[in-house]
Amino acid sequence: MKKFLLTVIFLSSFSVNAQTDEGLFEVEYEMNGQDLKSFAFSTENCPDNVIVKSWENWVNSKEGTTSFFKKHEAANIKFKNSDDTYKSIISIVQDDNGKTTIINTLTDQNGMSFNQESYEFNSIYNYLKDLSVKTKQACVRNELRLANDNLIRLTRDNASAQQKKGNSIKSYLKNSNTLLKVENKKQNLEDKLDLLTNQLEKSSDDKTTDKLMKKKQSVESALRNIDNQIISLNTTIQQSEVNDEGLNAKINQLSIQIKDQRIRTEELKKKYSSIN
């Protein structure tokens, strides 16, 4: 068997010999100078509090009691078809491969650890296996909750970006239509200016010339204002185009993330269904 050096959340460290598989497996380790055998199982992407809560529920279902000062120990655990009561110590170990190993050390009233050689093995083993299944299910449910929360956030962000894009398109169309109208108005004023210029060239009467000059100056002033308006509209339209590019990129990115998250959620559902 391969030996690992593992760190426990409430002890310093100990060495474990383990023959692992996908379900419950037996471990051999040394704790406080004593060689012990127990059973363990592995999970991944699971916070310690979810693991401990699952174990506490398991303890409570067996009429066991936990201590405020020793939160990872439970006593007075009773199993059906067993006349003995047991003590349970849960050890959460972070493995080198990124997984988490949960060791449930059971000892009877005589201080004997529960293992494959225990006389009540057949009566109790399935209860330990049940803890393994329930904890793995709780871990996947936690992953599913986080995945759903993330999907909700991504969907909300996508809807917000889509709404901003819709508002941007409306603003773009409005400004584009305004620009076309202003440019038409400019063409009319330029035609009027050409007419006034021709009239001034032909005018020989001072009074008429003065009136034409004032009209020309008024038209030239209007043209300058329109030119400024056209510049402003063009700047706004160009900025809208830049904003649309950014929104399109964000929407595309969010769409990919939403697709990936949905795939991940389906994988987690399949993972949950396969736990046994």
Taking atom types as modelled and ignoring hydrogens, do the side chains of Thr85 and Asn76 form a donor-acceptor contact shorter than 3.5 angstrom?
no
Quick one: does Ser240's side chain have a donor or acceptor within less than 3.5 Å of a partner on Thr236's backbone?
yes
Please walk me through it: do Ser88 and Trp58 pass side chain to side chain donor-acceptor pair (under 3.5 Å)?
CA-CA 11 Å; Ser88 170; Trp58 180 81; over 6 Å; no
Nearest 0.5 Å, what's the CG-OG distance between Asn225 and Ser221?
5.0 Å
Distance col, row Glu220:CD vs Thr197:OG1, nearest 0.5 angstrom, shows 7.0 Å
If you take all heavy atoms of Phe39 and Gln116, which pair is closest and at what distance?
CZ-CG, 3.7 Å
Step through the shown structure and confirm whether more than 12 heavy atoms of other residues, nucleotides or ligands are within 6.0 Å of NZ on Lys271.
yes
Which one of Lys62, Glu120, Gln109 satisfies the side chain to side chain donor-acceptor pair (under 3.5 Å) criterion with Tyr86?
Glu120
If I take atom CD1 from residue Ile103 and atom OG from residue Ser38, how far apart are they, to the nearest 0.5 angstrom?
7.0 Å
Salt bridge (Lys or Arg N to Asp or Glu O under 4.0 Å) with Asp149: which residues, sequence neighbours excluded?
Arg145
The test is side-chain contact (heavy atoms from CB on, under 4.5 Å); show your working for Arg264 and Glu267 and say whether it passes.
CA-CA 5 Å; Arg264 173 59 178 160; Glu267 290 174 348; 3.9 Å; yes
Would you check if the side chain of Ser171 reaches a backbone N or O of Asn167 as a donor-acceptor pair within less than 3.5 Å?
no
Give the C-alpha distance, both sets of side-chain angles, the deciding distance and a yes or no for side-chain contact (heavy atoms from CB on, under 4.5 Å) between Glu201 and Asn198.
CA-CA 5 Å; Glu201 290 176 354; Asn198 290 332; 4.0 Å; yes
Residue set satisfying salt bridge (Lys or Arg N to Asp or Glu O under 4.0 Å) with Glu56, at least two apart, ordered chain then number -> none
Between Asp205 (side chain) and Lys207 (backbone), is there a donor-acceptor pair under 3.5 Å?
yes
Can you list the other members of the hydrophobic cluster that holds Leu212, where links are side-chain heavy atoms under 4.5 angstrom apart?
Ile169, Tyr172, Leu173, Leu179, Val182, Leu189, Leu193, Leu196, Leu200, Met213, Val219, Leu223, Ile226, Ile230, Leu233, Ile237
From Ile90 atom CD1 to Glu73 atom CD, the distance as rounded to the nearest 0.5 Å
11.5 Å
Any chance you could measure Ser113, atom OG, to Glu28, atom CD, to the nearest 0.5 Å?
10.5 Å
Would you say Val52 ends up clustered with Leu106 if hydrophobic residues are merged whenever their side chains have heavy atoms under 4.5 Å apart, either directly or through other cluster members?
yes
Is Ser255 reaching over with its side chain to a backbone N or O of Ile251, donor-acceptor style, under 3.5 angstrom?
yes
Path from Leu24 to Val140 over hydrophobic side-chain contacts below 4.5 Å
no
Any carboxylate oxygen within less than 4.0 angstrom of a Lys/Arg side-chain nitrogen, looking at Arg153 and Asp157?
yes
Does Leu268 offer a backbone N or O that forms a donor-acceptor pair with the side chain of Glu143 under 3.5 Å?
no
Thr178 side-chain N/O to Lys174 backbone N/O, donor-acceptor pair under 3.5 Å
yes
Please list all pairs passing the salt bridge (charged side-chain N to carboxylate O under 4.0 Å, His left out) test where one or both residues lie in residues 74-85, with sequence neighbours left out.
Glu63-Lys78
Gln199 versus Leu195: any side-chain heavy-atom pair under 4.5 Å?
yes
Could you state whether Val50 and Ile275 fall into the same hydrophobic cluster, counting links through intermediate Ile, Leu, Val, Met, Phe, Trp or Tyr residues with side-chain heavy atoms under 4.5 angstrom apart?
no
Return the CD to CG distance between Gln253 and Asn158, rounded to the nearest 0.5 Å.
11.0 Å
By salt bridge (Lys or Arg N to Asp or Glu O under 4.0 Å), Glu117 pairs with (sequence neighbours left out) Lys37
Assess whether side-chain contact (heavy atoms from CB on, under 4.5 Å) is satisfied between Asp95 and Glu44, documenting all intermediate values.
CA-CA 10 Å; Asp95 298 343; Glu44 56 187 352; over 6 Å; no
Do Trp55 and Phe79 share a hydrophobic cluster, counting only Ile, Leu, Val, Met, Phe, Trp and Tyr and linking them when any side-chain heavy atoms are less than 4.5 Å apart?
yes
Tell me if a side-chain donor or acceptor on Ser54 pairs with a main-chain N or O of Ile51 at a distance below 3.5 Å.
no
Ignoring hydrogens, what is the shortest heavy-atom contact between Asn60 and Gly64? Give both atom names and the distance.
OD1-O, 4.0 Å
Partner of Val59 by side chain to side chain contact (heavy atoms under 4.5 Å, CB included), out of Leu131, Thr66, Asn104:
Thr66
From CA spacing to verdict: side-chain contact (heavy atoms from CB on, under 4.5 Å), Lys250, Lys165:
CA-CA 10 Å; Lys250 183 175 182 179; Lys165 181 181 177 181; over 6 Å; no
Could you go through residues 121-129 and list every donor-acceptor pair under 3.5 Å that involves a side-chain atom there, pairing it with any protein atom two or more places apart or in another chain?
none

Can a salt bridge be assigned to the pair Lys269 and Glu266 using a cut-off of 4.0 Å between side-chain N and carboxylate O?
yes
